[in-house]
Every structure is written in structure tokens, then in C-alpha cells.
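See structure below.
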Amino acid sequence: MNIFDNYLELIFKLIKNNQKKLGLKELNEFKGINLEIPPSKFDSDLSTNICMILSKPNKLEPNKLAVNVKDLLTNNIKDFKEIEIAGPGFLNIKLSNNALANIINKILQEGKLFGSNKTNLSYNIEFVSANPTGPMHIGHCRGAIFGDVLSNLLKFNGNKVTKEYYVNDYGNQIKNFVKSVYLRIREIKFNEKFKNEKDLYPGLYIKEIAKKILLKSKINFNSFNNSYDFLSKESLNYSIEMIKQDLKKLGINHDKFVSEKLIVEKKILFKAIEQLKKTKHVEEGFLEPPKGVTDRNWKKTKKLIFKSTLFGDDANRALQKDDGTWTYFANDLAYHYDKVSRKYDKLINILGADHTGYIKRIEGAVTALSKSKTILECKVCQLVKLFKNGSPFKMSKRAGDFVSVSDLLNEVNKDSIRFMMLNRSNDVELDFDFDKVLEKSKENPVFYVQYCHARINSIFRALKIKNFNNLEIKDDTLNFNKYEKEIIKKVFEWPKVIKISSKKYEPHRIPFYLYEISTLFHSYWSKGNEDQKYRFIQKGKINNNLMITIQLILIVLQNGMNILDVSLPSEM
RNA sequence: GCGCCCUUAGCUCAGUUGGAUAGAGCAUCGGUUUUCUAAACCGAGGGUCGUAGGUUCGAAUCCUUCAGGGCGCGCCA
């Protein structure tokens with residue numbers, strides 16, 4: 001039930017059928033025309049810019065065209081009770097009571113589905129993909145929640161979504177990680193001091209892993225090479241498990257974990273390269289020394305390169321290292337070849353701000369691999385800064401030199417973390433303030449929205465019922481006051497919020513919307529303090545218009561918080 | 001040097017494929033509770049939308065210039 005889309009379609013049809021009469025030669029496919037809720041100072045339900053847009057290519061005056069369009073619409077769409085021409089040529093539309101009643105009834109029927117635009121595409125969203133060399137830190141957390149909620153959002157909007165985690169369980173970092181575990185084991189078993197050499201992982205969690213492995217293993221750890229296979233398998237298991245636990249505590253479950261090691265073993269890379277050689281995206285050649293980096297022993301050697309400059313990248317990228325082994329990017333190319341072959345409509349990668357430089361090459365890779373049939377879009381989450389008492393806050397560094405997700409979860413509950421991590425656009429840095437998140441006040445948006453729900457439930461308690469059942473309205477009983485009207489208009493906007501946030505991959509619009517509708521509710525509620533007649537419950541009863549208004553709020557609160565996966569307590 | 005992101009009220013930020021007098025929260029000042037949760041509400045002040053141009057009926061939004069801040073720039077992963 002998206003009234004904007006529905007009515008626009010009607011309007012377009014009418015205008016097309018009466019094109020000549022209106023003197024319109026050029027319809028421009030109705031591009032740029034929209035229907036929206038006008039600012040609250042205008043006393044109308046809908047507003048469209050159609051006359052302003054169409055007047056230009058047809059060389060008509062917007063206000064004159066508006067007079068004709070107004071007549072056309074009022075005579076043919078009986079849902080439109082009254083239309084006013086306003087400002088530079090807006091049409092402000094009032095809906096008939098009958099139309100309002102029908103719309104509201106439909107929303108009540110749709111309930112949990114209200115807001116879905118039923119787009120029906122298949123998405124693959126890769127997110128987190130933190131290296132399995134240690135626990136998740138605060139930086140991963142934002143991307144993790146962003147990806148999870150974006151998945152929920154796209155699912156809610158009617159799509160199929162695969163939530164994917166790419167496990168980088170291959171390469172030098174893994175060797176360093178395993179070596180660190182090995183040295184910690186030697187430290188415990190043979191009392192050898194752990195020397196913090198370059199490239200090793202000093203974090204104390206490595207010690208925990210070492211202890212666990214020692215408890216269950218029977219091998220002697222006399223040589224790194226001899227124990228490597230066993231050690232790497234065990235250490236990776238532990239650290240991946242650790243990450244999965246953190247994700248679980250945040251309420252995140254991926255559908256699929258793809259192992260880089262497996263991608264390598266399946267030799268997918270060769271197929272990918274073979275294909276890209278044919279399309280001339282991969283060639284043997286030489287690369288220039290990296291810019292902005294000095295003091296390197298640069299050797300110009302011939303190797304396979306991916307021509308990412310064709311896709312706007314700064315430089316072409318090496319697929320092979322000097323010693324002939326494959327680069328990380330090469331394996332990622334193979335991984336994305338695999339993703340492309342799974343035939344999703346859209347691929348999305350969620351990255352941290354420090355991976356911005358990687359975007360063009362990997363998006364280009366997908367375009368090349370899919371022969372422009374699949375588009376990969378990378379969304380970047382900017383940094384998270386921790387604050388406490390208004391000043392930057394550093395947590396215990398037990399886990400290493402970063403703030404871990406489990407540290408965070410010890411202080412703040414999952415609901416607050418999820419909501420707050422999305423209470424900013426992904427494009428801007430996010431200040432995460434511990435005090436604010438723990439506060440029970442308007443300043444804490446999570447609380448504010450939840451409190452709205454709790455207050456609604458207090459009405460149920462006062463009326464001694466569990467919910468409003470079987471609500472239905474007839475137009476003759478329809479008589480909303482100005483506060484209710486405002487709330488209902490806001491509810492009508494919900495499908496639009498879903499549509500835009502789905503289209504632009506911007507889940508942050510949902511918490512903002514929920515906060516706004518909560519404000520309208522709290523405000524209306526408080527009117528009862530000033531004026532008896534606005535009290536929700538009169539002589540133990542509640543009137544029908546109010547019941548409907550509250551039910552509509554409940555529907556969007558529940559649908560919204562479901563997408564965020566944040567709880568709605570009925571009492572606080 | 002290059003790429004990406006950001007610059008909107010004192011502070012932190014929203015702002016829909018370009019729309020009407022640019023919106024919230026915090027902070028400041030003032031008010032509201034014998035009655036459904038005051039953990040809330042109402043009101044006031046506060047703006048050259050970083051700068052300079054351009055596009056047009058109309059620009060915070062699109063294009064160009066410059067300035068400031070962040071992130072990144074390996075044949076690491």
C-alpha cells in the first residue's frame with residue numbers, strides 16, 4: 001500500500017489519455033514528477049509538482065496548466081475531494097473520507113507487510129568479512145550492523161537476500177597468526193619468552209587460543225613446520241568461532257561463509273583469468289612503482305595485471321607478486337567470479353573506510369567478470385569514535401590494541417548498539433557515546449522510541465485488553481483531529497521510507513523515521529495534560545479514531561524495529 | 001601528488017530522482033504534573049547550507065573552482 005505510487009499511476013494515466021486536450025506535446029516519461037506529503041502548514045494530504053515539471057518542455061505556464069490538470073483530476077479521481085493550486089504551481093490535494101478510510105483499512109489489513117514495495121530481486125550482501133586472526137573490533141561492528149539491517153530491509157521490501165561472510169583464511173596474515181599461536185604455545189609449554197616481532201599478533205587472545213589447543217592436542221610442537229597443518233586448522237577454528245560468537249551476540253547470522261582457502265583450492269582463479277584474458281581485461285605487463293610511497297626497492301617485473309584503470313581506478317593492479325604467487329586481489333577476483341556465477345540480481349559489499357581505495361578495482365572486476373550483467377555496489381561505513389563524558393574514550397586493551405565487540409557488549413546492550421550504529425548516515429563518522437546510550441531520556445533515541453511503545457501498551461493495560469482487535473473503519477465515523485491527521489500522514493510515508501532506503505542502501509533512514517513518529521505520539525499524548533478532551537482514555541473507554549491512530553503507529557513501530565532487530569518492550 | 005567521504009544553528013546531525021518560509025536533538029532562556037508512564041510535553045532565541053561561479057521557473061541538493069577536516073594510496077590481507 002504505497003499511496004504515492006498508486007495515485008501517481010492514476011494521474012499519469014489520466015494525463016496521457018488527455019494529452020491533447022491539455023496541450024501537452026512532450027510528457028518526458030513523467031521524469032522528475034513526484035507526489036508527496038506537503039509541509040504541515042498546508043492543510044492538505046498530498047502534493048504534486050506535476051504541472052511545474054510538464055510546463056517546461058511544453059512551454060506552458062505552470063499555473064495555467066495547473067488549472068486544467070486540477071479540473072481533470074477532480075472530475076475523474078473521486079478519491080480527490082478538493083485540489084488547490086499553490087505557490088509556483090503545486091497541486092495540493094485533499095483526500096475524501098472514503099479514500100482515507102480505504103487506505104487505512106488496507107494498511108490495517110497489511111499489518112506486518114505494510115511498507116513493503118514487493119520488489120522481488122535477489123541480493124548478495126557481503127559484510128563483516130573480518131580477518132579470522134582475532135576478535136571483532138568496534139570498526140567491524142558498524143559495518144556488521146549496517147549489513148545486517150540492510151539485509152533485513154531488502155528482505156522486508158520483498159527481495160531474497162543472501163548474507164555472506166568471506167573468510168580470509170589464506171595467505172601471509174594467516175601464517176603470521178598461526179606462528180603467533182605457535183610461539184605462545186612454546187611460551188606456555190617450554191617457558192620461551194614471546195618476542196613481539198614485526199608481523200606477529202601480540203594480543204592476549206592468542207594466548208587463550210594457545211591454551212585451548214594445548215589442552216586437547218597430543219603433538220609436541222617441536223617444529224613450526226611439522227605442527228603447522230594441525231595448528232592452523234585449530235587456531236582458525238577458534239578465531240572464527242570467536243567472531244561468530246560476537247556476531248551472534250549482536251544478533252547477526254550470516255547465511256553463508258565462504259572460505260578463501262577453498263576458493264584457492266578449487267582453482268576458480270584460472271577460469272576467471274582465462275575469461276578476462278579473452279576480454280583483454282587481464283594481460284601480462286609491467287606496473288609503475290606505487291605513488292606516494294618512497295624508499296622501496298622497486299623491481300619492474302613482468303606479471304599478470306588486471307586493467308582496473310578501464311573502470312576509473314588510479315592504477316592497474318597486479319594479480320601476481322614478484323615470486324609468481326597470487327595476490328590477495330587475485331583470489332578476491334576468483335571469489336567474485338564465484339559470486340557472479342551464482343546469478344544474483346545485485347551484489348553489495350559493505351566495507352570499512354580504510355578499504356575505500358579497493359572499491360574501483362573490485363567493482364570493475366565484477367563488471368568485467370559478468371560482462372556488465374551484474375553490478376557490484378560497495379557501501380563504505382566511516383569510522384566509529386568512542387566517547388564517554390564527552391571526551392574520547394579508550395577501553396581496556398586486554399584483547400590487543402583495539403576495542404573489541406565483546407568489551408563493548410559488556411557495557412552496552414545489543415539493542416542500543418544496533419540502533420545507535422544506524423543513527424547516522426554511513427557516509428559520516430559516528431560518535432558512539434556510552435553515556436548517551438545508557439541514558440533513559442529523549443537524548444537517547446533508542447529509549448525514546450521504545451518508550452513510545454511502552455506508553456501505548458500502558459493504554460492497553462488501562463483498558464484491560466491485550467491489543468486492538470479487528471479494527472475497521474467506515475467513512476461516516478471518520479473524524480480525525482489535527483494531531484491524529486498528522487500522525488496518519490506520517491504513517492502513509494512509511495512505504496516511501498522503505499522504498500528510498502532500499503534503493504539507496506541507506507538503512508539509517510529507518511531509525512530517523514521511527515524517532516519522528518515517536519515524537520508525534522509523545523506530543524499527542526502530552527496534550528492530555530493540557531486539555532482533558534485530548535486524554536486518550538475517557539471514562540474507561542477509547543474512541544475509534546484514536547484506536548486506529550494508535551494501531552497505525554504500532555504497525556510502523558513494529559515493522560521498523562523488526563527491520564532494525566531492536567526489541568520493543570511493553571513496559572519500561 | 002592522486003582517489004573517495006565530509007563541511008547545514010554554539011555542539012552533534014537529518015534533509016526524498018532539484019520544490020513552497022531549510023528541519024531535529026543537545027546547550028541557553030521561559031513554561032507545563034491531584035487524572036492514561038513528566039523517562040514526557042510546549043514556547044523563545046539561534047542560519048550567507050565552507051568559498052566563488054554556472055545550469056533554471058526554482059539549488060543545501062546538479063556542474064566547475066578554491067579552502068578546511070577525515071580515510072586511503074604495496075607485488076599486505
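Chain identifiers are assigned alphabetically (A, B, ...) following the order of the sequence lines, protein sequences preceding nucleic acid strands; residue numbering begins at 1 within each chain.
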(request) Working to the nearest 0.5 Å, report the span between OG of A:Ser567 and CZ of A:Phe419. (result) 11.5 Å
(request) Using side chain to side chain contact (heavy atoms under 4.5 Å, CB included) as the criterion, point out the one residue from A:Ile563, A:Leu121, A:Thr119, A:Ile348 that pairs with A:Leu154. (result) A:Ile348
(request) Kindly confirm or rule out a cation-pi arrangement of A:Lys379 over A:Tyr505, judged by NZ or CZ under 6.0 Å from the six-membered ring centre and within 45° of its axis? (result) no
Can you tabulate the close N/O pairs, meaning under 3.5 Å, that link protein atoms to atoms of nucleotides 2-9 of chain B?
unit_1 : atom_1 : unit_2   : atom_2 : d
B:C5   : O2'    : A:Asp427 : O      : 2.6

(message) Please confirm whether the shortest side-chain N or O distance from A:Tyr448 to OP1 or OP2 of B:C41 is below 4.0 Å.
(response) yes
(request) Can you tell me, in whole Å, how much space there is between the C1' of B:A59 and that of B:U8? (result) 14 Å
(message) Between A:Asn316 and A:Ser308 (side chain of the first, backbone of the second, donor and acceptor by atom type, cut-off under 3.5 Å), is there such a pair?
(response) yes
Atom pairs under 3.5 Å: protein N/O with N/O of nucleotides 33-37 of chain B:
unit_1 : atom_1 : unit_2   : atom_2 : d
B:U35  : O2     : A:Gln532 : NE2    : 3.1
B:U35  : N3     : A:Gln532 : NE2    : 2.4
B:U35  : O4     : A:Gln532 : NE2    : 3.4
B:C36  : O2     : A:Ile537 : N      : 3.1
B:C36  : N3     : A:Phe536 : N      : 3.3
B:C36  : N4     : A:Trp525 : O      : 2.8
B:U37  : OP1    : A:Ser458 : OG     : 2.5
B:U37  : O2'    : A:Tyr451 : OH     : 2.5
B:U37  : O2'    : A:Arg455 : NE     : 2.7
B:U37  : O2'    : A:Arg455 : NH2    : 3.3
B:U37  : O2     : A:Tyr451 : OH     : 3.3
B:U37  : O4     : A:Met572 : N      : 3.0

(message) If you go through the side-chain atoms of A:Ser47, does one of them form a donor-acceptor pair with the base of B:A20 closer than 3.5 Å?
(response) yes
(request) Could you point out which residue of A:Tyr524, A:Phe460, A:Tyr483 forms a ring pair (Phe, Tyr, Trp, His ring centres under 6.0 Å) with A:Phe536? (result) A:Tyr524
(request) Take nucleotides 26-31 of chain B nucleotide by nucleotide from the 5' end and write B, S or -, depending on whether a protein heavy atom sits under 4.0 Å from the base, only from the sugar-phosphate, or from neither. (result) S-----
(request) Go through A:Lys179 and A:Asp199 one step at a time and tell me if the salt bridge (charged side-chain N to carboxylate O under 4.0 Å, His left out) criterion holds. (result) CA-CA 10 Å; A:Lys179 190 172 180 191; A:Asp199 294 333; over 6 Å; no
(request) With rounding to the nearest 0.5 Å, note down the distance linking CZ in A:Arg509 to CG in A:Leu422. (result) 13.0 Å
(request) Kindly say if A:Thr327 contacts the phosphate of B:G74, meaning a side-chain N or O under 4.0 Å from OP1 or OP2. (result) no
(request) Please list, by residue number, the residues of residues 501-513 of chain A whose heavy atoms come closer than 4.0 Å to an atom of RNA chain B; answer none if no residue qualifies. (result) A:Lys504, A:His508, A:Arg509, A:Phe512
(request) May I ask you to decide whether A:Glu284 forms a salt bridge with A:Lys303, counting only side-chain N to carboxylate O separations under 4.0 Å? (result) no
(request) Tell me whether the OP1 or OP2 atom of B:C57 has a side-chain N or O from A:Lys64 closer than 4.0 Å. (result) no
(request) Would you sketch RNA chain B in dot-bracket for me? Only Watson-Crick or G-U wobble pairs with both distances under 3.5 Å count, crossing pairs as [ ], other-strand pairs as |, the rest as dots. (result) (((((((..((((.....[...)))).(((((.......))))).....(.(((..]....))).))))))))....
(request) Taking side-chain hydrogen bond (donor to acceptor under 3.5 Å, both in side chains) as the test, write out the residues that go with A:Asn131, two or more places apart. (result) none
(request) Please evaluate the base of B:C57 for a donor-acceptor partner in the side chain of A:Lys56 within a cut-off of under 3.5 Å? (result) no
(request) Verify whether the ring centers belonging to A:His522 and A:Tyr515 lie closer than 6.0 Å. (result) no
(message) Looking at the base of B:A20, is there any donor atom on it, or on the side chain of A:Asn92, that sits under 3.5 Å from an acceptor on the other one?
(response) yes
